[in-house]
Structures are given as C-alpha cells and as structure tokens.
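Working notes, structure below.
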Protein chains: 2
Amino acid sequence: MNKEVSYPQDEPNFNVALALSLVIFGFDGIDFQVLTVPSSYSPFKGALILPSKYLTEKDELLLSARKLFEGIVGEQNEITIEQLRAFGGVYRHPNGRVVNVPHYALVKKVDFRNSKWLEFGLKWYPVKMVPDLAYDHNEVVEYALERLKRRVKRRPVGFHLLSEEFTLGQLQNLYESALGKKFDRRNFRKKLFNTTLIIDLEKAADGIEKGQKKGSKLYKFNSAEYDKMKIQGYDFLF
Amino acid sequence: MNKEVSYPQDEPNFNVALALSLVIFGFDGIDFQVLTVPSSYSPFKGALILPSKYLTEKDELLLSARKLFEGIVGEQNEITIEQLRAFGGVYRHPNGRVVNVPHYALVKKVDFRNSKWLEFGLKWYPVKMVPDLAYDHNEVVEYALERLKRRVKRRPVGFHLLSEEFTLGQLQNLYESALGKKFDRRNFRKKLFNTTLIIDLEKAADGIEKGQKKGSKLYKFNSAEYDKMKIQGYDFLF
DNA sequence: TCAAAAGTGTTCGGGATACACCCATGT
DNA sequence: ACATGGGTGTATCCCGAACACTTTTGA
C-alpha cells in the first residue's frame with residue numbers, strides 16, 4: 001500500500017501553531033483602506049502587521065475571526081467575513097511551524113467614529129500605499145485584494161462598505177477603486193437604476209461626509225432586494 | 001494593550017497537525033468525476049476518503065500537494081492544482097487538533113491508462129454520485145465543486161481535462177456538466193470559433209474514446225493563444 | 001472666474017439567445 | 001426504421017460603450 005495516497009498515513013505531527021490575521025477593508029468614500037496595527041511581541045515588535053492572534057486548540061476559524069473582528073470594530077449588524085486561504089510558507093517560530101489562516105472583512109468606516117480603536121495604534125492605509133508589513137502580511141493583503149476585486153464584480157458589496165445614505169459618486173468611486181478602472185457616469189447610473197437595488201431618498205447631501213459633494217442626491221440600498229438576490233443567486237455583474 | 005489586536009499575542013500553541021487532501025477532478029468525456037480511496041488507518045480504516053496525507057513540519061503546502069498528486073497520477077506536463085482553504089472544524093484527533101488544507105487538481109483521465117493506481121483502491125465517482133466520505137470530505141468536495149464551477153466559467157479549463165484531440169461534443173459536455181445547464185449547439189460552436197483557442201484538426205473521430213461519436217470532427221487547443229491569455233488576463237467568459 | 005463633480009438621453013455595435021433541418025452512425 | 005448526436009445560418013434583443021452640455025459648489 002502506497003503511503004502517499006492513504007489517510008491518515010502513519011501519525012499526525014502536532015507541531016504546528018495556528019495564527020489568524022484579518023484583512024479589514026474600509027472605504028472612505030474615495031479609496032479602499034486596510035487596517036494595520038503595530039506588533040507588540042517579538043520577533044517583530046513594533047513592526048506593522050495585520051490585526052492577528054494565535055488560536056488555541058479549540059478555536060473555530062470563522063468564529064475566531066468574528067471575535068477578533070468585533071474586538072476591533074465593535075458589534076456590527078451585517079458582518080462580511082470570509083476565509084482567504086492558509087498561508088504556510090514564510091514564518092517559522094523557533095518552536096515549530098506557524099500556519100496563518102487570514103480572513104478578510106468589510107466595514108463601514110463610519111462605524112469607527114465612536115470606538116476607541118486609536119489607542120491600540122490601529123491605522124488605515126489606502127490599499128495602494130500599504131507600507132511594508134512583517135511576516136508575509138503584504139502577500140496576504142495582495143491576495144485579499146484579488147478576492148475583493150472578484151467579489152465586487154459579482155456582488156453588490158457596497159452595502160457593507162458605504163454608510164446608510166450615500167451618493168452615486170461614492171458608489172462609483174467604490175467600483176472604480178476596487179476594479180481599477182473608470183466608468184462612464186451615465187452608463188454607471190443606467191446600470192444601477194436597471195436593478196432595484198438602489199432607492200432614491202429624495203434628499204440632498206450636506207457635503208460633510210468624505211466623497212459626498214454638497215447638493216448631490218442621496219440613496220440607500222434596498223435590503224429586501226439584496227436578500228432576495230442572496231437566495232436566488234446573483235445576476236449582478238460589473 | 002488589547003491582546004485581541006496584537007500579533008503575536010502571547011505564545012503560539014504548537015498542538016495542531018496539518019493534513020492535506022486532494023480533490024482530483026477528471027472528465028471522462030461525459031461527466032466530471034472525483035477520485036476517492038479507502039483509508040488504511042484509523043479512525044476510519046476502510047472508509048472512503050479523498051487522497052490525503054499528513055504534513056511534516058517542513059512540508060510546503062503547494063509542493064506537498066504536487067508531490068501527492070504525482071504519486072497518484074504520475075508526472076503530467078501541465079499541472080493545475082490550487083489550494084481551496086483551511087478546514088479546521090470537524091475532525092479531532094485524540095492527541096490534538098487536525099487542520100486540513102485541501103487542494104483541488106484537474107487531470108486528463110486518459111493519463112491514467114498506463115498507471116497502476118488501481119492497486120491502491122483508487123476509484124472515480126461521478127460528482128453527482130459521490131458516496132459518503134469520512135471526516136468532512138464531502139463538504140470539501142462540495143466546496144471544490146463550487147470553485148471548479150467558477151473556474152470553468154472564467155478560464156478555458158478544458159485544456160487540462162480533455163485529451164489532446166477532442167470533439168466539440170465532449171467540450172460541450174464538459175461545460176454543461178460543470179455549469180449544470182444546457183447550451184444550444186450552434187451558439188456554443190459560434191462562441192468557441194470566435195476565439196482563436198480551438199484548432200480544427202480536419203480529422204474525424206474513430207468513436208472509441210468515451211464521449212466521442214465516430215465521424216465527428218476532432219479539434220485541439222491552441223496553446224500559444226492560451227498562454228497569451230494567461231498573461232494578458234482572460235476576456236473569456238461562459 | 002475657475003475647476004470639479006453632478007445630473008441627464010441617444011446611438012451604435014456585438015454578443016447572447018432562439019430556432020429547424022439534414023446527415024451519419026449504431027441499434 | 002429508429003434514436004442519437006453532429007453539423008450548419010439567420011433574425012432578434014439587450015446590454016455595454018461612446019459621447020456633450022448645463023448646473024452647483026467651493027476654492
């Protein structure tokens with residue numbers, strides 16, 4: 001019997017530690033941002049990293065990701081969080097191997113306004129200007145960006161990134177920033193209004209929130225329609 | 001300082017073992033198949049599983065997947081193999097936790113003809129008739145199928161699944177089987193011939209290979225075009 | 001006054017879809 | 001003879017892309 005094709009073949013080696021990092025994407029109305037934090041432990045104390053923690057033997061992956069997320073962002077009604085993949089290639093701890101299972105998450109940046117997250121040293125960087133991070137976290141961010149791009153193409157993800165009321169300019173910025181290309185304003189609007197996802201609030205923006213120009217119309221998402229799409233599958237494509 | 005957001009926070013716990021499974025997809029000219037094998041170790045000795053092995057501390061994920069793959073399928077010129085994600089939820093070994101990092105791979109079933117894989121008990125099952133597997137391997141197969149579907153939609157993946165010479169009927173079966181819907185034959189051909197991916201061999205099939213009807217035309221893929229697409233990105237969509 | 005974003009319709013072309021008949025093969 | 005799959009062309013529709021001018025706001 002060939003051991004290469006059997007499972008379990010001999011005995012497992014319990015010499016691996018699990019770490020979990022979060023790539024938290026925010027959108028400020030103009031650009032996408034990623035959340036970073038300075039590491040407070042060796043071997044990269046002080047260096048910037050993604051918010052991360054080690055898992056214990058009992059921690060479920062997704063649940064731990066949610067917990068870590070909520071520890072940072074606070075409670076949020078609709079959480080978008082998803083595993084990226086296992087990264088096992090880079091970091092070796094003196095005592096053994098560490099495998100990182102990063103997840104990515106989307107937040108409405110407005111949710112941060114009343115949080116104390118500044119005291120931890122958390123800091124947003126625009127995705128095009130992410131500084132050097134420790135471990136392989138830059139690679140993780142790159143990978144997460146690819147995932148984000150695919151997701152934005154296939155799902156009306158603005159829901160989870162814009163505040164309750166937003167302008168079409170902000171939404172268009174979101175798509176252009178995520179997909180790295182420009183859209184014609186008229187065609188963009190036409191496409192949106194052909195769906196039933198957008199509701200005209202018949203109000204004008206005051207221009208205070210970033211990316212909103214005073215006087216432009218405000219919209220909100222139609223969550224009933226969105227939920228319907230979740231069930232029926234998405235015919236939505238950018 | 002909040003431990004929830006620091007990395008590394010305290011010390012890692014080296015009590016996890018890594019396993020790696022393969023979801024090997026084949027296409028027999030009519031339907032997609034998945035490769036299974038009986039487990040030869042406890043705790044599920046004899047039960048069907050995906051081909052799998054434990055990793056040692058030094059094994060790279062993708063490299064190990066390739067090695068396992070080649071141990072089963074043999075050398076193959078163009079290997080398509082990709083990590084799915086970490087599955088950490090189900091199986092607990094008495095000595096600690098096992099995290100499985102399954103990968104999926106595509107093979108041309110014709111490659112198996114001269115291999116001795118039968119002696120390991122390897123067996124194909126059509127994806128719609130996969131029996132109960134041990135651990136969480138059924139869940140892994142489901143996840144892999146979703147990934148396969150997305151990949152088939154975006155890339156001319158038939159390359160890695162059909163033998164050198166194939167009929168359009170086989171190719172259409174491949175798309176219909178992967179995406180779970182029927183295509184109009186004329187439209188399907190039109191779409192293919194609008195690309196430059198398909199080369200007419202001006203030969204007729206002898207009807208021996210499964211899915212080939214005697215007398216129908218044979219084609220091959222244009223690998224130069226395919227490589228070009230790999231670099232420039234894909235405008236190919238089904 | 002100037003620059004930057006918001007708002008608004010029409011035209012064109014290409015790709016997706018729908019659709020029917022004859023032929024070759026193997027039963 | 002019959003059933004199954006292969007091969008072929010045309011008409012229609014919808015979506016995406018291209019394109020310009022006026023207004024409001026804030027610097």
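- Ring-centre distance between A:F87 and A:Y143: below the 6.0 Å cut-off.
- Within the 6.0 Å centre-distance limit, the rings of A:F238 and A:F183 are counted as a close aromatic pair.
- In 5' to 3' order, the nucleotides of DNA chain D bounding all contacts with chain B (an atom under 4.0 Å from a heavy atom) are D:dT4 to D:dT10.
- Among residues two or more places apart in sequence or in another chain, the side-chain hydrogen bond (donor to acceptor under 3.5 Å, both in side chains) test is passed with B:N173 by none.
- Remark: A:F159 pairs with A:F221, A:Y226 by the ring-ring contact (aromatic ring centres under 6.0 Å, His included) rule, at least two apart or across chains.
- Counting non-hydrogen atoms of other residues, nucleotides and ligands closer than 6.0 Å to NZ of B:K123 gives a total of 12 or fewer.
- B:D200 meets the side-chain contact (heavy atoms from CB on, under 4.5 Å) test with B:E202, B:K217, B:Y219; sequence neighbours excluded.
- Taking the nucleotide of DNA chain C with the nearest heavy atom to each of A:Q212 and A:N187, the more 5' of the two is matched to A:Q212.
- In the 5' to 3' direction, nucleotides of DNA chain C lying under 4.0 Å from heavy atoms of chain A begin and end at C:dA4 to C:dT10.
- Of the N and O atoms on the side chains of B:K190 and B:N187, at least one donor lies less than 3.5 Å from an acceptor on the other residue.
- Using a 4.0 Å heavy-atom cutoff across all strands shown, A:K190 reaches at least one base atom of the nucleic acid.
- At least one side-chain heavy atom of A:L22 sits less than 4.5 Å from a side-chain heavy atom of A:I81.
- Residue-level contact check: B:K213 touches the bases, meaning some heavy atom is under 4.0 Å from a base atom.
- Counting heavy atoms of neighbouring residues, nucleotides and ligands inside a 6.0 Å radius, atom NZ of B:K214 does not exceed 12 of them.
- Near DNA chain C, meaning a heavy atom under 4.0 Å from it, residues 170-185 of chain A has A:R185 in order of number.
- Residues A:K214 and A:N194 each lie close to DNA chain D; by heavy-atom proximity, the contact nearer the 5' end of the strand is made by A:N194.
- At least one side-chain heavy atom of B:H103 sits less than 4.5 Å from a side-chain heavy atom of B:L20.
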